[in-house]
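What you are looking at is a predicted structure, and each value in this text was computed from that prediction instead of being measured. In each ligand, atom 1 is the first atom listed, and ligand 1 is the first ligand listed. The basis for the numbers below is simple: all heavy atoms, side chains too, and nothing from hydrogens, waters or symmetry mates.
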Amino acid sequence: MLIDDAARFPGDPDGLQRLWTPHRAAYIAGENKPSTPATEECPFCHAPSGSDEEGLIVARGDTCFALLNLYPYNSGHLLVCTYRHVSFYTDLTDEERTEMGEMTQQAMRALDAAMHPHGFNLGMNQGEVAGAGIAAHIHQHVVPRWGGDANFFPIVAQTKAVPALLADTRAQLATFWRK
Ligand SMILES: [Zn+2]
């Protein structure tokens, strides 16, 4: 089950916190985490090989795919990844860069239709020093935001997401993505 395989799946709570609290990076960087996994151990390389449900995949493109973060900062927290195991935005081909942008827009539209957020955070942590949880494989965070939700972030970030809720969210977003 996904929740028991957490270390192999995208986005750990600390890595995500570093999107919002960069001052914590020095502390967190010392923790022993699989931030530079080999391709065969990489959660973003692993996810597309299974079903959408198993991988929490919302949509698949030609060069990129979108999946739910196993440790969402907010409900609907998506990641847009390349299929290729590359680290940096500067590694992307023109096709990958274009599709990552398009899928980011699609993710925002699907989230908007499904959950009516008030705003979004978009972002990529590039390199371990910059806070990437899985630094070896590029992933763009798409985080829907609601007024006042920041009050809950410290709690949410340290709580394992309930798989059933993630499954529901995945199905909901996949439906809206196709519309
Ligand atoms: Zn990978």
Side chains of E99 and T63: do they bring a donor and an acceptor to under 3.5 Å?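 Per modelled atom types, E99 and T63 side chains form a pair under 3.5 Å.
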Where the Zn ion (ligand 1) is the corner point, what angle links SG of C42 with SG of C45, to 10°?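 Vertex at the Zn ion (ligand 1): approximately 120°.
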Look at the N, O or S atoms of C81, main chain and side chain alike, and state whether any lies under 2.8 Å from the Zn ion (ligand 1).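 So C81 does not count as coordinating the Zn ion (ligand 1).
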When clusters are formed by joining ILVMFWY residues with side-chain heavy atoms under 4.5 Å apart, either directly or through shared neighbours, do W146 and L173 land in the same one?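 Looking at the clustering, L173 is in the same group as W146.
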For the Zn ion (ligand 1), which N, O or S atom of H137 is at the shortest distance?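 The closest N, O or S atom of H137 to the Zn ion (ligand 1) is ND1.
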Starting from the Zn ion (ligand 1), look over the N/O/S atoms of H85 and name the nearest one.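 Output for this pair reads ND1.
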Which atoms form the tightest heavy-atom contact between W177 and A66, and what is the distance?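 Heavy atoms of W177 and A66 come nearest at CH2-CB, 3.8 Å.
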Does R60 use its side chain to pair, donor to acceptor, with the backbone of P48 at less than 3.5 Å?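 Between the backbone of P48 and the side chain of R60 there is a qualifying donor-acceptor contact (under 3.5 Å).
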